[in-house]
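Everything on this sheet refers to the single structure shown next.
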Amino acid sequence: MEFRPILSTLMRHRIAATLIVLEIALSCAIICNALFLIGERLDRMNMSSGLAERELVRIQAASMRQLSGDDALNASITREYLDALRKVPGVKQAGLANQIPFGGSSNNSGVRLSNDQQHNTLNATVYLDEGNLLETLGLRLLSGRDFTADEYQDMAVLEKSSEQARIPGAIINRSMAEKLFPGQNPLGKVFYSWGESPTAVIGVIEDLARPNSIDQGPYAMVFALREYGAGRHFILRTDPGRRAEVLKAAVAALKKTDPNTLVVNEDTFDEIRAGFFEQDRSMAGMLMVVIAALMLVTALGIVGLASFWVQQRTKQIGVRRALGATRGQILRYFQIENFLLASAGIVLGMLMAYAINQLLMAKYELPRLPLLYLPIGAVALWLLGQVAVYWPARRAASVPPAIATRSV
């Protein structure tokens, strides 16, 4: 089929054709960036925590007696709680953590490779291990070892000591190891974080996510420090099918041990993750609604224009049918016409999508739009155009040759 008659017709209807091109261009630009943002949110929501999440529950509790701030009393009460929790039927492991992945508040520290380094190499979140954190959380040790019993220190003792705090060994996650010591075996290597004393890497775990501010980098380290303050996170590991049962029994055990127990949070890690990423999930849903609305508006615009043109060109179509044009040729005519309009809109839309992405990068520090999203948006709009124009084109193909003999 020759394109000259199609182009000639479009030139005679410049305003309508231009409006459709602009509508498709705007839709293409917004859809490409919206798909990109949805992909970013889904990646965040599916990021690994490094934990055996389906086996874990969390209880954040404290005793009213801990309000006195007595370190010895805090330690005694916390140990009582741990002893009670470890006796709950179904509990495989019970541990204490100062923070948890996706839990909100975060304890972070700068990390340097030398003591005289002016700027930090990275910023890492700091997990404090009371005694069996790796085993309780289900963290996978890639190399090295866990802490030994004689390596644990009490935070309260360090804070009261006149000497500078010294952390002789740490377990770090793989992302931190690769950042600090690229292409090297990190075991035995040292870094500086708390004070001027070096800290040696004794183990590397596969992953351990930040409690929050996950955009700061996936770096985490574990210190063998016991901190028995109020409001610590008690982590219990059990079978996935027994989480609700164990959680209920554990809360009852704590209140039985100490009637003054105040339970702040009791939840599974599935619930913790869902709560942390609630805004991301809402934004992804909102963007999907925007995409659907844009597609619908664009489709209605194409249908409306095609229907108008069919009505305006009824006699012309009838003449072509009288001269031997088949229904298939009439149908392809309108489909090719729509394809040309969509293509022009898509080319313009890709340029607009790139411009919008540059604006988002400057204002909100988003990454560059991957080129993959441009053909996805283009294909979606091409298909939408062909589907939207099909029924008006089919109606045009049904115009009988006898129409050519009538006046319009």
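Taking the side chain to side chain contact (heavy atoms under 4.5 Å, CB included) definition, one finds that Thr18 meets it with Leu22, sequence neighbours left out. Every residue meeting the side chain to side chain contact (heavy atoms under 4.5 Å, CB included) condition with Ala299, not counting sequence neighbours, appears here in chain and number order: Leu384, Ala388.
Between Val126 and Asn108, every side-chain heavy-atom pair lies at or beyond the 4.5 Å cut-off. The shortest distance between side-chain heavy atoms of Val111 and Leu180 falls below 4.5 Å. Side-chain contact between Arg243 and Asp270: present, with at least one pair of heavy atoms (C-beta onward) separated by less than 4.5 Å. Taking 4.5 Å as the limit, some side-chain heavy atom of Gln386 sits within range of a side-chain heavy atom of Phe339. In this structure, Ser193 and Thr199 have side chains that are not in contact, with every pair of non-hydrogen atoms separated by 4.5 Å or more. The side-chain heavy atoms of Gln153 and Arg226, taken from C-beta on, include no pair separated by under 4.5 Å. Taking 4.5 Å as the limit, every side-chain heavy atom of Tyr192 sits out of range of all side-chain heavy atoms of Gln117. With contacts defined as side-chain heavy-atom distances shorter than 4.5 Å, the pair Trp382/Ser343 qualifies.
Around atom CD of Gln184, more than 12 heavy atoms belonging to other residues, nucleotides or ligands sit under 6.0 Å away.
Under 3.5 Å, the side chains of Tyr152 and Asp129 contain a donor-acceptor pair of N or O atoms. Between the side chains of Glu151 and Thr148, at least one donor-acceptor pair of N or O atoms lies under 3.5 Å. Using modelled atom types and a 3.5 Å distance limit, the side chains of Glu53 and Ser49 yield a donor-acceptor pair. For the 3.5 Å distance criterion, the side chains of Glu206 and Asn173 fail to qualify, holding no donor opposite an acceptor.
For the pair Arg273 and Phe102, the tightest heavy-atom approach, listed with the atom from each and the gap, is NH2-CE1, 3.4 Å. Contact record, Asp280 with Arg44: OD1-NE, 2.8 Å, taken as the closest heavy-atom pair. Counting all heavy atoms, side chain and backbone alike, Ala220 lies closest to Met176 at O-SD, 3.6 Å.
Note on Lys92 versus Asp239: salt bridge recorded, some NZ/NE/NH1/NH2 to OD/OE distance being below 4.0 Å. Looking at Glu227 and Arg232, a side-chain N of the basic residue comes within less than 4.0 Å of a carboxylate O on the acidic one, giving a salt bridge. Salt-bridge formation is not detected for the pair Glu278/Arg281: no Lys NZ or Arg NE/NH1/NH2 atom is positioned less than 4.0 Å from an Asp or Glu carboxylate oxygen.
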- request: Apply side chain to side chain contact (heavy atoms under 4.5 Å, CB included) to Leu56 and Leu137, showing your working.
  value: CA-CA 7 Å; Leu56 300 178; Leu137 295 180; 4.1 Å; yes
